[in-house]
Amino acid sequence: MIRISTTSKLDGIRSWSLQALDTCPGSKNADGSLVDACSGCYATTGNYRYPNVKAPRLENREDWQRLEWADDMVKALDSDRYFRWFDSGDMYTLALAEKILEVMKRTPWVKHWLPTRMHKFPKFRGVLSEMQVLDNVSVRFSSDSVTGEFIEGLHGSVIVPTPDHATDKMTLCKAYANGGKCSGCRACYDKSVALIAYPAHGVKMSKVIKLKIVA
Ligand code: SF4
């Protein structure tokens, strides 16, 4: 069964997600430690720890493997105009990435936003390139930094410690100024917007940033 969630931030725009970290191979450094951006991940704290929030994410990990999953996702998106992949989690296997690509191709009426760290793995480059050429898809390769470092032309999003740290190469996410909600902004779904800067939020992320700045 397709399990779609809605987060309050996104103006009611729906998303399909997996459990954070368990499905995020790109969240780890070579030594197994978490990259900075994932050390403060919002999807491992707060509401995300509740069983009713975890359950659909755990079920989705099994469900996508059904033969009919792509057909069912296309039907589920019939009335959506925007869709966010992975409010938590990432497309941890190539087979899942290929199914998501199929859904994207078969739903041209939907603007898809897919944030990911899977660009770190060479075997994903082909499927990610196929997604990137679709007019209705905005794939954002996430930088691991929490202090605004990014590679121009590669990364599509980065965390900055405060709004004042955003540079003129970045489009600043202003959800922080709108009660934590998108409030009509759709920049993340717009592939003509090269790089979004998200101001850090949450106690966990603040600690990571303090440690980085002290170090
Ligand atoms: S940049 Fe815009 S669309 Fe993206 S999360 Fe922020 S407010 Fe929402």
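Order of listing sets the numbers, starting from 1, for every ligand and every atom in it. The structure displayed is predicted, hence computed values, not measured ones.
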Please write down residue, atom name and distance for the protein heavy atom closest to [atom].
atom: atom 8 (Fe) of ligand 1; value: C182 SG, 2.3 Å
atom: atom 4 (Fe) of ligand 1; value: C188 SG, 2.3 Å
atom: atom 3 (S) of ligand 1; value: C185 O, 3.4 Å

At a 4.0 Å threshold, what atoms of ligand 1 neighbour a non-hydrogen atom of K9?
5 (S)
Once the angle between the rings of F86 and W16 is folded into 0 to 90°, is it parallel (under 30°), tilted (30 to 60°) or perpendicular (over 60°)?
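The rings of F86 and W16 stand perpendicular, inter-plane angle above 60°.
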Is it the case that the ring center of H155 lies less than 6.0 angstrom away from the ring center of F150?
no
Within 45° of the ring axis of Y82 and under 6.0 Å from its six-membered ring centre, is that where the NZ or CZ of R186 lies?
yes
Does the shortest distance from atom 8 (Fe) of ligand 1 to an N/O/S atom of C173 fall below 2.8 Å?
no
With a 3.5 Å distance limit and no angle check, can you tell me whether D190 reaches the backbone of S192 through a side-chain donor-acceptor pair?
yes
Just to verify, which of T6, T7, D80 counts as forming a side-chain hydrogen bond (donor to acceptor under 3.5 Å, both in side chains) with R14?
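With R14 as partner, side-chain hydrogen bond (donor to acceptor under 3.5 Å, both in side chains) holds for just one option, D80.
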For K181, is the nearest heavy atom under 4.0 Å from an atom of ligand 1?
no
